Amino acid sequence: MIAAEGVEVLRPRQLKDALMMLRVAADEKRPLVPMAGGTDLFVTLNAGQKPAARYLDLWRLDKLRGVEARGKRGLAFGGLATFTDCIESKVVHKRLPILVEAARQVGGVQIQNRGTLAGNIENGSPAADGVPVLMAADANVVLRSLDDERRVPLASYYTGYRKTVRRPDELIVRIEIDVPDGAQWFEKVGTRAAQAISKVVMAAVGHRVAFGSVAPVIVRAHKLEAYVADGGRDVAEAKRLVGQDVSPIDDVRSTAEYRRRVVENLVAAWLPSLGSGPAGLDKAPASR
Amino acid sequence: MKLKLHVNGKKKSVEVPPMKRLLDTLREELALTGTKEGCGEGECGACTVLVDGTAVNACLVPTCQVDGCDVQTVEGIARGGGKQAARLHRLQRAFLEHGAAQCGICTPGMLMAALALPKHAALDEIRAGLAGNLCRCTGYMKIYDAVAQFLDGERP
């Protein structure tokens, strides 16, 4: 049982109605929390967290569903695209196979069927499995309000632990990626492949590298990236630099020390996949 | 809120708070207690049901989101029932034949998750399809045996 009594849910059928509801809520300063598949939200409610007074149910906004190819290397994910949509999409398999790999490790099938990429992003968990892949692929988050639309690079979407740049009147309507060249690499380290929340996640596209579970937000490894983009391949130096990019903590799933060691080991395992030239120029997209 | 849905092929209408979990609506409003609550956090899969043919955790779905949907629970898979002797579904018979249940709490969820799998599934597909369903008694081999037999899939 959860405290469902007295909670109001607005259920628009059209995107413009949803945006209007968010606008009114923002103007009246009456919080309205967007809800997609509910897989994160209901975990917190079931654990006893008090529900918000009002939710905006997005589930009927069918225009936000699905994944599309854009141009020669682009992908556009609707605001309600699920992990299952990613797993079943031929074009995602072809252009960003590490997203398929990541999606398969998000919970079980039941979660993959309901959990959305946009929810994974907006919920802001530092342990989100899909987000490091999107971030390493230079994804942009498309935020729409009643009167405008803006694109925010995912790498600058987070402002702090579970805090994002989304204004209360905005909704994630799309996630766009122009998949960069370069070898793709993904590794999730957890207690079990399926169903386990990660201890460390690393994703790389060419020299672009993102980590999950090693900082208050998902992060890009800027120092490491600059080094390998310049052709640096020394394992010891790469390990030293990535150590400055991450700031892991002790928590219920692991310790800071363990996470640091795993990050270094993942970098050592990843480096050889880059080849010797400047990263990102000499390899076609391919899964390991 | 008032909403209409099909449950195991029958039209139902319920009046519940929109954020009431589908799990609670099934158990408390519709007296379908075959769907179990295990962990309440999407880890164990005991509450797995099919919504429009798709496996979901009923503990993570607000009832308002199944308005107008087709919901299938474990009660709906056998034929007959009531005064008439129920004829078990082929998947249920496979579970019996292989001894794929011990305490039984995970079984309804296992059955529903298995029903969402494709025919002739490879063993890896069966494993991945049931990765969200935990059994703490039997281990998984007998369950995989039963599901593989039902799907005419790859045997462990």
Side-chain angles (χ1 to χ4, degrees), chain A residues 1-11 13 33 35-61 80 82-85 87-88 100-101 103-115 119 191-197, chain B residues 1 3 16-25 27-29 37-69 109-110 112-118 121 124-134 140:
Chain A
M1 274 293 288
I2 63 164
E5 303 285 339
V7 177
E8 191 185 347
V9 180
L10 306 185
R11 308 193 56 233
R13 282 185 185 276
V33 180
M35 167 172 75
T39 51
D40 275 329
L41 173 65
F42 273 80
V43 171
T44 64
L45 298 182
N46 288 342
Q49 189 168 313
K50 197 167 165 272
R54 303 195 313 147
Y55 291 95
L56 179 68
D57 177 18
L58 308 175
W59 207 242
R60 302 202 289 185
L61 303 178
L80 287 176
T82 63
F83 294 104
T84 298
D85 291 336
I87 293 166
E88 291 179 350
V100 176
E101 213 176 313
R104 284 191 170 130
Q105 295 189 29
V106 175
V109 171
Q110 296 92 331
I111 302 287
Q112 293 159 10
N113 285 339
R114 303 268 311 174
T191 44
R192 180 174 181 245
Q195 287 299 59
I197 297 172
Chain B
M1 76 180 272
L3 52 92
V16 295
M19 290 293 276
K20 188 171 178 121
R21 303 181 303 176
L22 174 57
L23 173 66
D24 298 326
T25 297
R27 293 179 58 88
E28 295 166 6
E29 306 292 325
E37 174 156 26
C39 66
E41 54 184 38
E43 290 279 337
C44 77
C47 65
T48 302
V49 299
L50 304 184
V51 174
D52 292 338
T54 300
V56 305
N57 291 316
C59 76
L60 301 180
V61 176
T63 305
C64 65
Q65 289 187 345
V66 299
D67 190 11
C69 292
M110 288 284 179
M112 299 317 289
L115 284 174
L117 287 169
D124 275 353
E125 276 180 277
I126 296 175
R127 285 174 181 279
L130 298 180
N133 293 78
L134 303 184
Y140 296 90

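Chain letters run A, B, ... following the sequence lines, proteins first and then strands; every chain starts at 1. Everything numeric here is computed off the predicted structure, so don't read it as measured data.
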Item to check | Side-chain donor/acceptor of N46(A) to backbone N/O of G40(B), under 3.5 Å | outcome: yes
Checklist entry - Are any side-chain N or O atoms of N113(A) and backbone N or O atoms of V56(B), one a donor and one an acceptor, separated by less than 3.5 Å? => result no
Next on the checklist: Between E5(A) and K20(B), is the side chain to side chain contact (heavy atoms under 4.5 Å, CB included) condition met? List the steps.
Outcome noted: CA-CA 8 Å; E5(A) 303 285 339; K20(B) 188 171 178 121; over 6 Å; no
Checklist entry - Under a 4.5 Å cut-off applied to non-hydrogen side-chain atoms, are V9(A) and M1(B) in contact? => result no
Checklist outcome for this item: To the nearest 0.5 Å, atom CZ of R21(B) lies from atom CZ of F42(A) at 8.5 Å
Item to check | Gap separating the SG atom of C69(B) from the CH2 atom of W59(A), nearest 0.5 angstrom | outcome: 10.5 Å
Next on the checklist: Looking at every heavy atom in both A128(B) and V109(A), which two are closest together, and how far apart are they?
Outcome noted: O-CG2, 3.6 Å
Next on the checklist: I'd like to know if the side chain of Q65(B) and the backbone of A36(A) have a donor-acceptor N/O pair within less than 3.5 Å.
Outcome noted: yes
Checklist entry - Contact part of A113(B) toward chain A, heavy-atom cut-off under 4.5 Å: side chain, backbone, both or neither? => result side chain
Item to check | Min side-chain heavy-atom separation V7(A)-P18(B) under 4.5 Å | outcome: no
Checklist outcome for this item: Rounded to the nearest 0.5 Å, the OG1 atom of T39(A) sits from the CG atom of N57(B) at a distance of 9.0 Å
Item to check | Closest non-hydrogen atom pair between M35(A) and C64(B), with its separation | outcome: CE-SG, 4.4 Å
Next on the checklist: Filter on salt bridge (Lys or Arg N to Asp or Glu O under 4.0 Å), then keep only pairs touching residues 105-115 of chain A, sequence neighbours left out; what's left?
Outcome noted: none
Checklist entry - Could you give the distance from OG1 (T44(A)) to CD (E41(B)), rounded to the nearest 0.5 Å? => result 11.0 Å
Item to check | Derivation and outcome, side chain to side chain contact (heavy atoms under 4.5 Å, CB included), residues D67(B) and R11(A) | outcome: CA-CA 11 Å; D67(B) 190 11; R11(A) 308 193 56 233; 3.8 Å; yes
Next on the checklist: Please classify the contact of C59(B) with chain A as side chain, backbone, both or neither, using a heavy-atom distance under 4.5 Å.
Outcome noted: both
Checklist entry - Measuring from I111(A):CD1 to L60(B):CG, what's the distance to the nearest 0.5 Å? => result 5.0 Å
